[in-house]
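First up is the structure itself, then whatever we jot down about it.
Since the model is a prediction, treat every value here as computed from it, not as a measurement. Chain letters run A, B, ... following the sequence lines, proteins first, then strands; residues in each count from 1.
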Number of protein chains: 2
Amino acid sequence: MESLKVHIKVNEDLYLKDPESTKLGKKIISHSILLIDELGFESFTFKKLATKINSTESSIYRYFESKYSLLLYLYCWYWSWIEYKLVFGTINTNSALVRLKKTIEIISSPIEIDNDISHINEVILKKIIISESIKVTHTKIVDEENEKGHFKVYKRIIRRIAEIIQEINPDYPYPHMLVFSMIDGVIEQSFFSSHLSGVTEMKDEHDTCLIDFYTDLILKAIQ
Amino acid sequence: MESLKVHIKVNEDLYLKDPESTKLGKKIISHSILLIDELGFESFTFKKLATKINSTESSIYRYFESKYSLLLYLYCWYWSWIEYKLVFGTINTNSALVRLKKTIEIISSPIEIDNDISHINEVILKKIIISESIKVTHTKIVDEENEKGHFKVYKRIIRRIAEIIQEINPDYPYPHMLVFSMIDGVIEQSFFSSHLSGVTEMKDEHDTCLIDFYTDLILKAIQ
DNA sequence: CAAATATAATAGTATTACTTTCAAAAATCC
DNA sequence: GGATTTTTGAAAGTAATACTATTATATTTG
């Protein structure tokens, strides 16, 4: 059976030319994910990517201003996809508590292969988000990017979940901090689990203990 | 009154020549902190630093292999200093709960100027740690650095605090994850508080609400 | 004061992140 | 199906960066 195809749309000013609109564009996206994962963002260059996909540096520059803006594109795509999963996963659920538990599960679960979205490998994309997304946020131009609205989706996700918490306990004073703690913590613990053993009980990126940890932590905090 | 001078020692393989041993070395450290804060790590270069301190690129290269290893030095220095504050701040305290509370306070408090250590501006150093330390950890060579023992202090801090938690509640299953959550969360929330308003209730880097947030969170989690 | 060491001045290299130009190929329009 | 527009490829060029190497000049030390 053919499954439902979902198209994640990102802000138009993230690219010079929509990579979803052409074959070369899609190749740039799918292979950049693989190559950034392979080399790390610092060693990743448009020249190397061009060689990989039998194209040229200048062709890639027609889609993205810089390798940084390509990473920003992937970052925005990822969080839009997560938002879609959150909305889809909690639809028709009346109980705020059930919605919260489901939300925590979606945020802290390891990614499984999702065939609904063709050319993007979400498992490797998450690996990139885990190891490289701080290169999108921790920069001198973060405020500029923020003003352009590039963190809108990320912030909306936090707001959405914080609202569920407020529904459950309107008196809890730090719902956003609690949610941010989880969203950021999932990424960071996933990274450190496979690099600095000893800082976390998590064994690797596929360990599901994060669900358990954050469910317990959040429910106790807001009880 | 002359205050107690404390000398923080870092691993010898972090530098080519000990910057604490000469006037130029100390100038490199103190001014690199100011310049990295001013320009951001990406735009910071040894050439610019050399100009600032009326020296030359090649002289700075005699102390540090690369700008990256200078950042690693600052990173290690910072965590050694935090460890010293933790040990000093919980000495002679028998109750594990009191030690835990004090620890949380030390980790999540904004930094105040500490005149005990002369040429290093700890307030600005923390700003650098907040915005740049991920450039030490989130890199392809993190495993290599880990093997060289450069994250030993950081990991020991987590272990230390996790042990206090285990003393209070030996059955809590995720003491390291909980501690890591706090240590990493403090840094990340401090960063985002001043850049992405809306993701946290924290107003800025000087807001003390983190103490309150983490004290409540951790005590409820392990109760 | 001599010898050893540290620093400054200068020049040079490979790589990177991009830009420009122009020709060839492909898609689109009538 | 041929003309036109758009997209891509090939090649060369630029400024900046992250270092290295060499030699001369200070500065420290015994």
Side-chain angles (χ1 to χ4, degrees), chain A residues 12-32 35-36 38-75 119 132 135-136 139-141 144-145, chain B residues 12-32 35-36 38-75 119 132 135-136 139-141 144-145:
Chain A
E12 285 189 7
D13 70 339
L14 288 171
Y15 46 74
L16 298 171
K17 179 188 166 89
D18 187 1
E20 291 291 324
S21 70
T22 64
K23 233 172 149 180
L24 178 66
K26 283 178 188 160
K27 246 174 132 183
I28 290 172
I29 297 303
S30 60
H31 284 80
S32 68
L35 202 58
I36 291 173
E38 190 187 326
L39 305 173
F41 187 64
E42 278 70 35
S43 303
F44 167 83
T45 67
F46 277 0
K47 202 163 204 165
K48 288 172 188 168
L49 177 59
T51 307
K52 201 107 184 173
I53 61 176
N54 286 313
S55 179
T56 59
E57 233 183 326
S58 51
S59 297
I60 297 170
Y61 272 108
R62 273 187 210 98
Y63 286 83
F64 292 100
E65 249 187 344
S66 64
K67 70 172 187 172
Y68 169 80
S69 63
L70 170 55
L71 186 63
L72 184 60
Y73 176 93
L74 296 175
Y75 175 90
H119 62 288
E132 316 292 353
K135 286 150 204 176
V136 169
T139 152
K140 275 279 159 185
I141 58 165
E144 213 178 290
E145 299 291 0
Chain B
E12 283 187 9
D13 70 338
L14 288 170
Y15 46 75
L16 298 171
K17 181 190 165 89
D18 187 2
E20 291 291 324
S21 70
T22 66
K23 231 172 151 181
L24 179 64
K26 284 179 189 161
K27 246 174 133 182
I28 289 173
I29 297 304
S30 60
H31 284 79
S32 68
L35 202 57
I36 291 172
E38 190 187 325
L39 305 174
F41 187 64
E42 279 70 37
S43 304
F44 166 83
T45 68
F46 278 180
K47 200 163 205 166
K48 288 173 188 167
L49 176 60
T51 307
K52 201 106 184 173
I53 61 175
N54 286 312
S55 180
T56 59
E57 233 183 325
S58 49
S59 298
I60 297 169
Y61 273 106
R62 264 185 221 99
Y63 287 84
F64 292 99
E65 251 187 341
S66 64
K67 71 172 186 171
Y68 168 80
S69 63
L70 169 56
L71 186 62
L72 184 60
Y73 176 94
L74 296 176
Y75 175 90
H119 62 290
E132 317 292 353
K135 286 150 203 174
V136 169
T139 151
K140 277 278 158 184
I141 58 165
E144 212 179 292
E145 298 292 359

Please assess A:Lys17 against A:Thr22 for the test side chain to side chain contact (heavy atoms under 4.5 Å, CB included), listing each intermediate value before the final yes or no. CA-CA 9 Å; A:Lys17 179 188 166 89; A:Thr22 64; 4.0 Å; yes
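Each of C:dA6, C:dA17, D:dA18 was ranked by its minimum atom distance to the side chain of A:Thr45; first place goes to C:dA17. Here C:dT16 is the nucleotide among D:dG9, D:dC19, C:dT16 with the atom lying nearest to any side-chain atom of A:Lys48. When distances run from any side-chain atom of B:Arg62 to the nucleotides C:dA8, D:dC19, D:dT8, the shortest one goes to C:dA8. Among the nucleotides D:dA18, D:dG9, C:dT7, the one closest to any side-chain atom of A:Thr56 is D:dG9.
One can place CG of B:Leu49 at 14 Å from P of D:dC19, the figure rounded to the nearest angstrom. The distance between atom CG of B:Asn54 and atom P of D:dA26, rounded to the nearest whole Å, is 15 Å. The OH atom of A:Tyr61 sits 7 Å away from the P atom of C:dT19 (whole-angstrom rounding). B:Glu65 has its CD atom 15 Å from the P atom of D:dA18, to the nearest Å. The separation between A:Ile60 atom CD1 and D:dT7 atom P is 17 Å, rounded to whole Å. Rounded to an integer number of Å, the gap from CZ of A:Phe64 to P of C:dC18 is 13 Å. Following rounding to the nearest Å, A:Leu39 (CG) and C:dT15 (P) show an atom-to-atom distance of 15 Å. What separates CG of B:Leu16 from C1' of C:dA6 is a distance of 14 Å, to the nearest Å.
Nucleic acid contact class of B:Lys67 (heavy atoms, under 4.0 Å, all strands): sugar-phosphate only. Backbone-only engagement by B:Ser55 is indicated by non-hydrogen atom pairs under 4.0 Å involving sugar-phosphate atoms exclusively. At the heavy-atom level, B:Lys17 lies under 4.0 Å from the strands shown only through sugar-phosphate atoms. Using a 4.0 Å heavy-atom cutoff across all strands shown, A:Ser59 reaches at least one base atom of the nucleic acid. When heavy atoms are screened at a 4.0 angstrom cut-off, A:Phe46 is found touching no nucleic acid atom at all.
Side-chain atoms of B:Glu57 and base atoms of D:dC19 include a donor and an acceptor less than 3.5 Å apart.
Along DNA chain D, the nucleotide nearest to A:Ile53 and the one nearest to B:Phe44 differ in position, and the one closer to the 5' end is contacted by A:Ile53. The 5' end of DNA chain C is approached more closely, in terms of each residue's nearest nucleotide, by B:Lys23 than by the other of B:Lys23 and B:Lys47.
One finds the OH atom of B:Tyr61 at 10.5 Å from the CG atom of B:Leu70 (value rounded to the nearest 0.5 Å).
A side-chain donor-acceptor contact under 3.5 Å links A:Ser69 to the backbone of A:Ser66. B:Thr139 contributes no side-chain N or O that, together with a main-chain N or O of B:Lys135, makes up a donor-acceptor pair within less than 3.5 Å.
For B:Tyr63, no side-chain nitrogen or oxygen approaches OP1 or OP2 of C:dA6 to under 4.0 Å.
Between the side chains of B:Tyr68 and B:Glu145, at least one donor N or O sits under 3.5 Å from an acceptor N or O.
Salt-bridge annotation for A:Glu38 and A:Lys52: present, with a side-chain N of the basic residue lying under 4.0 Å from a carboxylate O of the acidic one.
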